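Some notes on the structure that comes next.
Note on naming: letters A, B, ... go to the chains in the order of the sequence lines (proteins, then strands), and numbering restarts at 1 for each one. These figures come from a predicted structure and were not determined experimentally. Computed from heavy atoms alone, side chains included, the values below leave out hydrogens, waters and symmetry copies.
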Amino acid sequence: MAKSIHLTDVRKVFKSGGKEFEAIDNLSLDIPAGSFTTIVGPSGCGKTTTLRMLAGLETPTSGQIHFGEEEVTNLRPQERNIAMVFQSIALYPHMSVRENIGYGLKIAGVSQAKRNESIEEAARTLQITDQLDKKPAELSGGQQQRVALGSAFVQNPDVLLLDEPMSDLDAKLKAELRVEVQRLHQELDTTIVYVTHDQTEAMTMSDNVVLLNEGSLEQFDPPKTLFDYPTSEYVARFIGTPSTNVLECRIEIIDGVPAVTGHGLEIPLPNQDLSAFTGDDIKIGIRPQYLSLGTGDHSVEATVEVVEPLGTESVVHARTLDDTRLDIVSAAADDLAPGESIAASFDKDHLYFFDADGATQLFGEELTENQSQAQWGSEQ
Amino acid sequence: MAKSIHLTDVRKVFKSGGKEFEAIDNLSLDIPAGSFTTIVGPSGCGKTTTLRMLAGLETPTSGQIHFGEEEVTNLRPQERNIAMVFQSIALYPHMSVRENIGYGLKIAGVSQAKRNESIEEAARTLQITDQLDKKPAELSGGQQQRVALGSAFVQNPDVLLLDEPMSDLDAKLKAELRVEVQRLHQELDTTIVYVTHDQTEAMTMSDNVVLLNEGSLEQFDPPKTLFDYPTSEYVARFIGTPSTNVLECRIEIIDGVPAVTGHGLEIPLPNQDLSAFTGDDIKIGIRPQYLSLGTGDHSVEATVEVVEPLGTESVVHARTLDDTRLDIVSAAADDLAPGESIAASFDKDHLYFFDADGATQLFGEELTENQSQAQWGSEQ
Amino acid sequence: MLPILYALNMSLFSNPTQEAAFVGLANYTELLSSPDFWSFLWNSVVYALSTTILSLLVGLGLALVVNQRIKGRSILRTMMIFPYLIPTLVVIFLWKFILDPNVGILNQVLVDAGLLAQPIGFFSSLKWAMAGVVVTSVWKFGSFSFFILLARLQAIDPDLYERARVEGATTWQAFRDITFPHLRGAILIILLVRGIWMFNKFDIIWLSTNGGPLNTTTTLPIRVYQLAFNEVNFGGATALAGIMFFLLAIVATVYFRVFNPSEEVGA
Amino acid sequence: MATSSKGAGSFVSQKRQQQIKRVGVYTTAILVSIFVTIPVYIMLLLAFQPPEVVFSGGQVNLIPQILSFQNFNELLTTTKTVRYMTNSIIVTGSSMVLSTSIAVTAGYGLTRFDFRGKSLTARAVLFSYMFSPIVLAIPLYVLFYTAGLLNSYFALTLSLTAISTPFAIWLMWQYFQTIPISLEESAWVRGASRWRTVRDVVLPVARPGYISAAIFSFAVAWNDFTMARVVMSSDNMYTITVGASLFLDRVSVGWSETMAVSFLMCIPPFLIALFLQNYLLQGFSVGGLE
Amino acid sequence: SSILSGSNNNSDGKGKTISYLSDRGDSKQVINEIIGEFEKNHDYKVNVTYTSKGTSTDQQLQKMVAAGNPPDLIFDTSADAYRYQRDGDLAAISNVVQDSELPDPVNVDGESYFAPTMVEPLMFWYRNDLYSSNPESWSKWETEAKQVSQSHNIKGFVTQSGQTNNADTQITQYLWQNDVEIYNGPSDNIQVTIDDGANRRKAVETYQWLKTMSQYSPNGSGWEWGDAIEALQQENAAAIASVGGLPILTIAENRPDLVEKLSPSPYPHPEGTKRSKWWAYMEGHVVRNDGKATEGAKAFADFFSKSDKFMDFVLSAPLFQFPPTRKGLNSEAVKNNETIQNHPAVMKLVKENWDSFSTILATGKDGAPNIVAADAYGQQLLGQSADQLLVGGKSPEQTVDWVAKQLRGLKN
Ligand SMILES: Nc1ncnc2c1ncn2[C@@H]1O[C@H](COP(=O)(O)OP(=O)(O)OP(=O)(O)O)[C@@H](O)[C@H]1O
Ligand SMILES: Nc1ncnc2c1ncn2[C@@H]1O[C@H](COP(=O)(O)OP(=O)(O)OP(=O)(O)O)[C@@H](O)[C@H]1O
Ligand SMILES: [Mg+2]
Ligand SMILES: [Mg+2]
């Protein structure tokens with residue numbers, strides 16, 4: 001039975017060599033029952049720690065965790081009906097792949113025959129049928145990871161915790177397994193919490209994404225909201241590859257209308273009350289995908305540094321005249337050479353406006369729509 | 001001193017529980033000195049095994065390996081001047097991060113002071129300065145991986161072997177470190193062999209890409225060639241995400257001209273001698289990025305199954321009328337609903353033509369250019 | 001191995017330390033035809049098996065306990081290794097002083113508490129003598145398996161336990177499915193080697209009961225000693241040692257066949 | 001696909017099991033403490049009190065009355081206990097170091113190198129333990145006499161090492177198999193020689209293993225009576241076990257002196273247990289247990 | 001001794017080092033003094049190897065013999081001496097023994113092979129505060145032991161049994177007390193006579209008495225001398241058998257308050273028997289004939305017996321060891337010994353019974369050396385017979401049959 005998950009002011013402090021290290025800082029989250037939540041964030045931000053607290057493998061230093069109505073903060077892992085794939089994979093070295101996958105079922109008292117059925121089905125899905133009789137040490141990295149995944153697949157937990165379960169798999173297989181994980185999510189009545197570094201996974205699979213920043217919550221929203229309406233420069237930069245370009249500008253009153261200036265730009269913000277920021281620094285963010293080569297309404301001049309061909313598109317790494325990095329994704333960049341001068345233009349609809357602290361103050365589309373977005377509350 | 005690497009008819013057979021398992025099958029490769037070569041391939045195809053043979057950790061069952069002129073097939077790892085980052089990371093649990101990174105230098109007899117300098121520089125680059133005094137068990141997965149990477153950074157080997165060194169890092173950090181690895185490659189005079197599942201890495205970093213398929217070489221070419229001129233359906237499908245769409249068609253003579261038909265398509269191949277295939281099955285491949293929604297010169301009808309929003313673009317998973325999968329990448333798919341009927345059109349320049357065995361027979365651009373490509377020989 | 005061959009050679013002579021007369025296998029046939037031999041063999045088997053298995057269980061239990069995070073485990077660990085390190089001579093002193101009917105404090109306490117009418121001579125009663133030597137042996141040798149198993153326990157990747165806990169395994173199941181497979185090789189070797197040693201163990205019994213009363217604790221090695229030094233029949237003694245050697249060799253060969261203790265959990 | 005009732009198949013609830021486990025753990029700990037402490041307490045009781053105090057009134061007085069070194073004084077002035085102890089410490093120490101080193105080297109070799117008949121050899125070595133050591137005294141004496149090695153630390157150290165090494169090798173062989181080879185591989189590719197790898201990587205990780213081997217060799221050597229009796233025939237060369245057995249059956253030696261000498265014989269084991277224990281605790285174990 | 005290379009007796013110059021095997025570690029100091037004097041006067045060095053009591057001398061001896069390195073001189077019992085003589089390993093030391101007043105228990109064909117240095121007679125000890133008088137006779141022992149056991153929280157007696165020297169000596173002595181002739185015949189034709197006619201009846205009687213007494217005794221199976229002494233010391237038993245004044249030595253240390261409550265007594269005897277044999281150990285020197293310094297060893301044995309430190313040696317355990325001659329017994333040294341002075345009753349017993357002191361060896365016809373008895377003692381068969389009776393539950397008759405059979409088995 002899928003359960004909702006509630007974290008209330010959870011903190012986790014590690015003691016290491018006499019020093020204290022705060023891995024999770026006052027994290028509160030409400031994850032709906034049956035939902036698929038992805039945790040993302042830079043390496044070392046506390047994703048695994050959060051998952052381990054959900055599993056009962058670490059006890060929060062303070063705060064509570066509830067599964068549904070039940071407080072589980074101090075319950076042991078065995079007492080929570082969960083399954084987990086470890087980032088470290090953690091296969092039993094002395095058991096064959098088959099036994100590894102089936103171990104959870106064996107514990108649950110499932111009969112040999114039924115177990116084998118489940119195991120073989122999982123193995124087929126994961127394309128490791130040939131490896132079933134090997135020992136983990138004889139597997140490749142990706143095969144080991146699939147075995148770990150397999151042992152989660154065959155179970156039927158209230159909460160399924162997956163810690164980067166596909167980091168060692170190739171894109172093609174990943175794409176196939178993504179579909180399988182989603183199918184599983186629908187079949188089993190379970191709440192999934194999924195840690196990943198792969199934004200495609202985060203974007204495509206999840207109902208909600210948690211973005212952590214050094215142990216605190218940065219944003220918790222559905223993926224599309226996260227992508228389109230980042231609440232901060234941090235989120236905007238972290239989500240999406242290549243990273244969102246950020247240009248430092250100022251707000252000036254031009255012709256009585258506040259406008260963003262800098263980098264040769266002049267973007268009037270007619271009906272927005274940014275007067276508070278007048279004379280202040282403001283930063284504008286624009287995704288590389290929304291920049292196009294050539295001049296337009298708003299364009300920035302830059303010098304090409306490197307062109308990285310990605311197949312159908314290329315990433316142009318350039319620098320503006322004042323040396324700010326500017327990345328442009330374009331399908332027509334093959335003939336650009338390093339050192340070449342280019343112009344990159346954008347539609348102001350796609351802009352984000354951040355204040356000096358990095359909090360988002362305005363989305364470009366508000367300029368034209370002139371209405372606040374229902375999906376997001378203007379935090380801070 | 002960077003050295004070229006030559007594999008000649010290398011085979012590797014593992015014995016496991018009485019059964020033999022051929023992990024590498026007659027692999028021959030010539031990797032130029034100082035180049036950056038990426039090995040890609042599905043999980044379990046033999047990438048790690050190849051790297052381990054280069055490192056001297058496995059001995060080929062048959063065949064030779066040369067570094068430059070010198071045969072190293074049976075040399076021990078210590079006798080090859082190499083550095084390696086293991087897929088399994090393999091940090092020394094009893095040493096601090098600092099000692100872990102510096103161990104290779106210590107072996108080489110570098111003084112404590114110099115060692116510390118290198119270590120700290122590497123740590124800065126890898127953003128693990130704060131972790132230097134921790135033990136590996138106290139690190140997050142990604143931090144551990146960076147420590148492993150750090151220990152390769154500080155060395156100065158002839159050959160640097162990296163086995164998925166960034167699989168546990170977030171996209172942003174990965175992008176930054178990609179640049180660092182490339183800088184390192186230029187600074188150090190070293191040949192790099194890099195195993196990865198991340199196609200962006202493979203495409204952006206490497207001079208050449210090796211694509212393995214169940215232990216044998218599928219294609220060995222610069223990344224752009226691999227992407228644009230795959231020698232087989234296998235390569236076309238493996239490289240690029242989402243995977244290349246493949247439609248089964250036939251060659252028929254229409255109006256005296258051979259043409260590809262099927263799925264409602266009719267693509268004349270006027271000046272190509274595909275008469276040998278007349279009446280035969282042929283497969284056409286088209287990348288999802290080259291499909292656009294709506295009808296055109298050549299278009300296929302399909303029904304939408306799922307739309308995956310990826311941020312700036314979405315992937316439309318659809319099925320043709322005869323149930324073949326068809327993926328389309330589009331920036332304007334937000335309003336498509338599952339079940340909707342769509343048409344996807346393409347430019348025949350972007351087509352690949354595969355015979356029944358999957359070998360590429362023709363590239364779409366040849367149809368217009370009518371000249372054979374210098375970059376690729378028509379293998380098989 | 002030279003001394004063993006030398007000893008086996010001596011077993012073919014009637015009085016090998018003095019002027020030796022070659023008697024072939026006579027020493028062997030004489031021993032094997034004595035009915036006492038079988039009762040001594042039985043005693044040896046009882047003693048060896050019970051001490052080996054009990055010390056293994058004790059050692060395993062202790063190792064599992066100390067492997068827990070409990071307070072004072074380091075003091076415990078020191079205490080647990082200690083009995084194994086002190087000489088048998090001292091062990092016997094200590095246990096005699098406890099079990100002795102006269103100065104023994106166990107008797108004193110039991111009698112004072114009214115639980116016993118009169119002191120029991122643990123080492124001199126038919127009922128208790130074997131138990132007495134077994135307890136003494138287990139006290140000394142329990143820690144042998146303790147420190148070996150503890151070392152092995154510490155080498156088990158804790159991730160495996162975490163995974164098992166998440167999969168819902170109880171403490172017992174985790175022991176059965178993770179701990180035991182990792183300890184299996186060590187346990188099998190401990191059983192074998194400890195078994196061999198206890199089968200050949202001489203000093204504890206000799207110093208505490210001398211093999212008595214009425215030969216209830218006379219094991220084959222005690223008999224070897226009596227033959228060699230009380231009855232000055234060194235040929236007989238070495239022959240008996242030879243018989244024991246062959247018995248053990250057969251058992252060990254079968255044991256290796258069946259259990260293959262060198263097969264290890266891959267790391 | 002699977003049942004959702006975790007822990008089915010066990011009749012006792014998790015919480016209960018946990019309680020049972022805790023109770024079990026602490027009971028064992030306490031029992032063991034008592035079991036080990038009582039004999040030791042008695043030893044101290046007798047060793048540090050004059051006999052007439054301990055035995056006065058026809059009972060063993062379990063509560064200490066006064067502290068006295070009379071028994072030790074007696075030992076140290078009328079016997080060569082100090083000399084015997086020194087001898088024991090010398091041979092035990094050397095044998096422990098020697099045996100552990102051999103065990104580490106051979107154990108590593110057995111684990112990491114493949115050669116024909118490897119496990120057969122290893123098994124054969126264990127067969128040497130099967131011959132009753134009682135009758136070996138005479139052959140050994142003959143051998144040592146012939147080799148002119150009687151009465152030397154060297155010979156005794158060697159014999160004790162010969163006794164402890166086979167099993168110590170087994171221990172290390174078994175232990176090294178638990179160490180992931182990738183740790184070593186990662187040192188090799190950095191150019192560390194085999195020996196260097198063993199020193200820097202394998203040994204620190206194998207610490208619990210070789211400490212077991214050291215404990216074992218110590219126990220064998222410190223406990224030894226037979227070998228010392230075979231090799232040493234001069235009063236100045238006796239080890240403490242032999243030396244003590246010489247004066248302990250004197251008519252005038254009672255329990256008090258016996259316990260006093262026992263106490264002396266327990267000091268090195270205690271120090272060893274303490275030292276190895278701390279050494280074991282330092283740092284870590286592979287899994288980062290501590 | 002050097003650390004690296006052992007000292008090999010061979011290398012010390014041929015025949016100039018006397019290799020001496022002794023279990024008298026207790027008297028190490030005196031022995032070293034005597035050796036010092038000997039080495040001053042003779043061109044020999046003496047190299048002592050000490051062994052602990054019990055079988056370790058045998059063990060050491062066998063090793064040395066097997067290696068072709070036998071000792072020249074051994075300190076041992078007369079029984080063992082006779083055994084070595086029989087094996088042809090001893091050199092005669094008639095001049096040492098016959099020129100002096102020493103007893104001559106191992107005399108074969110007129111040649112002496114054993115130079116006694118001390119005598120250790122058996123003796124009983126009882127609690128004079130619990131026993132109403134010195135019981136002496138079987139029936140009185142029985143009544144007294146019974147009375148003590150019933151009216152005090154203590155056992156009146158100790159019956160020892162099992163494969164130990166003390167049990168063996170005690171049972172032998174009990175049999176002797178009832179005039180049982182266990183053996184008969186000359187040295188070369190020893191017969192086991194314990195189950196013949198009158199002997200059998202008397203032996204059964206003896207075992208019967210033992211069985212009766214065991215009711216008032218703790219289970220003494222496998223007890224060494226010290227165990228019985230501890231029973232006395234801890235007031236678990238009111239009377240024990242022991243060697244000389246050994247109990248006094250131990251108890252004086254642990255329970256000084258108890259010493260004066262202890263009185264010596266001869267072994268219990270049935271009414272009307274004469275006391276013919278009184279077990280006394282005899283220990284001394286034998287010289288092997290296959291050593292490298294046989295002559296030196298003879299000289300040392302002689303020097304030892306005549307040394308002015310000889311009495312110091314004997315008196316290193318007063319009340320327990322006594323000089324081997326009556327002259328020695330009456331010597332000033334003995335008289336002046338403080339411990340002996342404190343326990344005149346012990347001395348009185350020894351003096352009065354001196355003539356009936358006998359070793360187990362001298363149990364052939366007319367005291368001829370009896371190798372069967374020596375071997376029986378080596379394996380403690382009579383001690384085991386008591387175990388059969390008291391622990392194993394055999395009847396006295398069965399016990400006699402059992403022991404007779406075992407003894408005959410030895411003969412063959
Ligand atoms: N020791 C071994 N015994 C048996 N089979 C092995 C052994 N090592 C590897 N293999 C098999 O060889 C094949 C290639 O393994 P390898 O580790 O080279 O794969 P890989 O390409 O690195 O895969 P991944 O991307 O999953 O790491 C796999 O199918 C694996 O199961
Ligand atoms: N046992 C520990 N002792 C001390 N610090 C720890 C310990 N475990 C984790 N940390 C620290 O806590 C922080 C969060 O760790 P965590 O493993 O949760 O990161 P993560 O988000 O999973 O990172 P990654 O993506 O690299 O796996 C890291 O900085 C790590 O160094
Ligand atoms: Mg993590
Ligand atoms: Mg791999």
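Residue B:Glu69 places its CD atom among 12 or fewer non-hydrogen atoms of other residues, nucleotides or ligands, all under 6.0 Å distant. By the 6.0 Å contact criterion, CZ on D:Phe270 is open, its count of non-hydrogen atoms from other residues, nucleotides or ligands being 12 or less.
The salt bridge (Lys or Arg N to Asp or Glu O under 4.0 Å) analysis of residues 160-187 of chain D, with sequence neighbours excluded, yields the pairs B:Arg52-D:Glu185, D:Arg112-D:Glu184. The salt bridge (Lys or Arg N to Asp or Glu O under 4.0 Å) pairs that include a residue from residues 35-45 of chain B number zero, where partners must be two or more places apart or lie in different chains.
Among B:Ala152, B:Ser151, B:Gly56, the residue with the largest count of heavy-atom pairs under 4.5 Å with chain D is B:Ser151.
Annotation: side chain of B:Ile107 is in contact with side chain of D:Asp200 (closest heavy-atom distance under 4.5 Å).
For a heavy-atom cut-off of 4.5 Å, chain D lies close to no residue in residues 120-132 of chain B. Proximity to chain D at a heavy-atom threshold of 4.5 Å picks out B:Pro77, B:Gln78, B:Ile82, B:Ala83, B:Met84 from residues 77-85 of chain B, in numerical order.
Of the N and O atoms on the side chains of D:Ser186 and B:Tyr103, not one donor lies less than 3.5 Å from an acceptor on the other residue.
Taking every heavy atom of both residues into account, D:Arg190 and B:Ile101 meet most closely at NH1-O, 4.1 Å.
Taking CG of D:Leu183 as the start and CZ of B:Phe86 as the end, the distance is 9.5 Å to the nearest 0.5 Å. With rounding to the nearest 0.5 angstrom, the NZ atom of B:Lys106 is 6.0 Å from the CZ atom of D:Arg196.
With a 4.5 angstrom heavy-atom cutoff, B:Leu105 does not touch chain D via any of its atoms.
Side-chain atoms of B:His94 do not come within 3.5 Å of backbone N or O of D:Val202 as any donor-acceptor pair.
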